[in-house]
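Residue indices begin at 1 and follow the sequence shown. Values reported hereafter were calculated over all heavy atoms of this structure, with side chains retained and with hydrogens, waters and symmetry mates removed. All values derive from a computational prediction rather than experimental measurement.
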Amino acid sequence: MNKKHLCVFGLGWGDEGKGKIVDLLGGSFDVVTRFNGGANAGHTIRIGSERFALHLIPTGLIRPGMLGMIGPGVVVDPITLFEEIDQLLERGIDVAGRLVISDRAHLVMPYHKIEDKLHEGAASDKTRIGTTARGIGPCYADKARRSVAVRFCDLLYEDGLPQRISSIVAGKRASFQALFGQHGGLNTEAVLSLLDTARQRLSPFIANTTCWLREQIATGKRVLFEGANGLLLDIDHGTYPFVTSSSTGPHGLAAGSGVSPQTVQRFVGTIKAYSTRVGAGPFVSELTNEMGDAIRKKGHEYGTTTGRPRRCGWFDAVATRYAVNLTGCTDVALMHLDTLGGFDHVGICVSYNIDGEQTNEFPSDPHLLSRAKPVFEYVEGWSDELAGIRRFEDLPSATRDYISRIESLIETPISIASVGADRAETLVHDRFRNILSEMTNA
Ligand code: IMP
């Protein structure tokens with residue numbers, strides 16, 4: 001059996017530190033593949049004094065020699081992509097010849113972003129999702145509608161694309177006018193000119209990535225699949241309707257990258273040592289008090305994509321166990337342990353109380369979930385001095401107890417722990433190091 005491929009994905013509501021883990025593990029892999037989402041994702045990596053924030057380009061491409069792929073399940077905003085390619089080039093990182101974009105991937109068009117903003121602006125406080133305004137939902141909706149979708153292969157080969165675009169834009173303008181009383185500044189010439197630039201700049205990157213990836217695998221390359229957003233934002237299994245519009249877990253990997261589900265053996269789920277959420281929707285372990293503010297301040301909990309303050313709370317073991325069980329997560333990377341340092345005590349949400357009944361199951365019904373109250377357990381806090389620690393066994397005993405308690409609640413080993421933003425500030429369990437080296441030598 002092929003034992004060379006691994007997936008990193010988020011177990012929460014996004015922002016769980018996937019970028020850092022993809023970057024850390026990247027050295028053991030040759031190819032990194034994005035399979036879902038779009039520029040709503042924000043992956044931050046810090047290497048020494050350098051900080052990179054990427055939204056579309058697979059994070060692993062920061063490593064020299066690594067190959068990257070944007071799969072058919074991703075929705076690509078060409079403007080963000082140009083910006084990222086240019087920003088990396090300015091910092092001496094050239095992705096030309098190393099990045100391929102699926103000819104089946106859909107383009108996020110200017111009208112998708114306009115619709116996202118107009119729709120959110122017109123929504124009531126109860127129905128507003130709090131999207132990233134990156135046009136993700138409208139683009140995936142057009143993908144499902146088919147007739148109005150634009151893919152990279154259309155950009156290259158569709159005769160009459162300008163005529164089709166003109167008619168799509170006319171339809172969108174009319175519908176925006178009818179729904180929102182304005183067309184949001186949408187005009188055909190600007191859209192056509194953007195598509196021309198996209199064709200010129202991106203043609204060299206567009207490929208049949210299904211063949212490309214199969215070839216990489218057949219020639220012995222090790223692939224790291226990089227999930228975006230997080231399992232609790234999954235379109236089918238997340239806290240719907242307060243979710244994103246793609247399949248964010250390993251179940252989205254096969255469809256979104258074009259490989260068999262049997263391709264991958266190791267699934268590393270990332271989650272912070274506390275919980276965060278940006279945007280609206282239920283969040284049972286949320287702390288709307290000084291403790292929540294203190295975690296936000298200490299953890300710099302402001303969105304990479306939107307700059308919005310994130311909602312913070314204690315670690316939600318009920319939601320995380322649900323995410324782990326659903327995805328077949330084999331290893332957990334527990335992030336931001338250092339952020340919890342320096343508090344007298346640390347809480348864990350061990351179960352929910354719904355209408356007087358205690359449960360360990362994460363409700364699928366949003367009405368029940370919105371009535372759930374957290375049942376917290378408190379453990380002793382630990383010192384603020386974790387940054388220099390490099391081995392699990394050197395962590396303070398209270399931190400080790402916290403890790404063990406979470407492992408037993410979520411029934412999955414914590415194989416990686418992060419004690420700071422830098423690549424070096426990461427603890428990798430010997431057990432997982434051995435697994436990685438087996439994969440590398442397979
Ligand atoms: P959309 O993906 O922009 O449509 O946003 C839908 C919901 O998912 C909103 O609550 C967003 O804040 C949230 N969201 C989407 N992507 C991310 C992410 O990468 N991190 C955190 N939240 C996200």
Side-chain angles (χ1 to χ4, degrees), residues 6 8 10-12 15-29 44-51 63 266-276 291 294-295 297-301 312 314-317 320 324 329-348 350 377-440:
L6 174 147
V8 173
L11 289 165
D15 311 317
E16 308 93 341
K18 295 175 287 290
K20 179 176 172 178
I21 298 304
V22 170
D23 172 63
L24 175 83
L25 301 180
S28 304
F29 294 85
T44 314
I45 310 112
R46 219 177 78 184
I47 306 166
S49 57
E50 291 242 62
R51 182 180 175 276
R63 283 187 181 267
R266 246 24 238 188
F267 298 96
V268 179
T270 59
I271 189 80
K272 275 187 274 213
Y274 49 92
S275 299
T276 63
M291 184 57 91
I295 294 175
K297 197 160 166 223
K298 192 133 187 269
H300 310 290
E301 291 296 352
C312 298
W314 293 130
F315 184 87
D316 187 337
T320 311
V324 153
C329 172
T330 54
D331 303 270
V332 167
L334 191 66
M335 312 302 287
H336 272 268
L337 264 177
D338 53 310
T339 299
L340 289 188
F343 296 125
D344 290 345
H345 64 271
V346 173
I348 305 174
V350 291
E377 173 182 296
Y378 294 94
V379 298
E380 193 192 323
W382 52 85
S383 92
D384 221 350
E385 306 291 320
L386 301 189
I389 295 175
R390 295 290 175 269
R391 298 181 325 161
F392 275 86
E393 48 275 35
D394 296 336
L395 285 167
S397 64
T399 323
R400 278 186 279 133
D401 290 348
Y402 182 69
I403 291 177
S404 302
R405 180 67 182 131
I406 289 182
E407 279 181 324
S408 90
L409 285 165
I410 64 173
E411 298 155 9
T412 313
I414 291 172
S415 301
I416 300 175
S418 173
V419 293
D422 202 82
R423 187 190 275 171
E425 292 169 328
T426 323
L427 286 51
V428 180
H429 204 286
D430 287 343
R431 177 191 60 233
F432 187 71
R433 252 184 230 289
N434 291 339
I435 291 168
L436 260 189
S437 87
E438 266 175 40
M439 290 175 87
T440 312

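The distance from atom CD1 of Ile416 to atom OG1 of Thr270, rounded to the nearest 0.5 Å, is 9.5 Å. Atom CD1 of residue Ile403 and atom CD1 of residue Ile414 lie 6.0 Å apart, to the nearest 0.5 angstrom. Rounding to the nearest 0.5 Å gives a distance of 13.0 Å between CZ of Arg51 and CG of Asp422. For the atom pair CZ of Phe267 and CG of Leu11, the computed distance is 12.5 Å after rounding to the nearest 0.5 Å. Going from atom CG of Leu25 over to atom CZ of Phe432 covers 5.0 Å, rounded to the nearest 0.5 Å. Between the CH2 atom in Trp314 and the CE atom in Met291 there is a gap of 4.0 Å [rounded to 0.5 Å].
Residues Glu16 and Ile21 have side chains not in contact (no heavy-atom distance under 4.5 Å, counting atoms from C-beta outward). Contact annotation: the side chain of Val428 approaches that of Leu24 to within less than 4.5 Å [non-hydrogen atoms, C-beta and beyond]. Looking only at side-chain heavy atoms (C-beta outward), Leu395 and Leu427 come within less than 4.5 Å of each other. Annotation: side chain of Ile435 is not in contact with side chain of Glu438 (no heavy-atom distance under 4.5 Å). Residues Pro396 and Ile389 meet the side-chain proximity criterion, which asks for heavy atoms closer than 4.5 Å.
Heavy-atom contacts from other residues, nucleotides or ligands closer than 6.0 Å to CG of Asn434 number more than 12.
Every pair passing salt bridge (charged side-chain N to carboxylate O under 4.0 Å, His left out) that includes a residue from residues 394-405 is listed here, sequence neighbours excluded: Glu377-Arg405, Arg391-Asp394. Judged as a ring-ring contact (aromatic ring centres under 6.0 Å, His included), the pairs with a partner in residues 402-427 (not counting sequence neighbours) are, in order, Trp382-Tyr402. Residue pairs meeting the ring-ring contact (aromatic ring centres under 6.0 Å, His included) criterion with at least one member in residues 411-431, sequence neighbours excluded, are Phe392-His429.
Partners of Pro413 under the side chain to side chain contact (heavy atoms under 4.5 Å, CB included) rule, at least two apart in sequence or in another chain, are Glu407, Ser415, Arg431. Taking the salt bridge (Lys or Arg N to Asp or Glu O under 4.0 Å) definition, one finds that Lys20 meets it with nothing, sequence neighbours left out.
Contact detail for Phe343 and Ala294: the closest heavy-atom pair is CE2-CB, 4.0 Å. In terms of heavy-atom proximity, Cys329 sits nearest to Gly269 at SG-N, 3.6 Å.
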Side-chain donor-acceptor pairs under 3.5 Å in residues 333-342, sequence neighbours left out?
from	atom 1	to	atom 2	distance (Å)
His336	ND1	Tyr274	OH	3.1
His336	ND1	Thr339	OG1	2.8

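The backbone N or O of Asp15 lies less than 3.5 Å from a partner atom in the side chain of Lys272, making a donor-acceptor pair.
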> For Asp331 and Arg266, what are the C-alpha separation, side-chain angles and deciding distance, and is it a side-chain contact (heavy atoms from CB on, under 4.5 Å)?
Replying inline: CA-CA 8 Å; Asp331 303 270; Arg266 246 24 238 188; 2.9 Å; yes
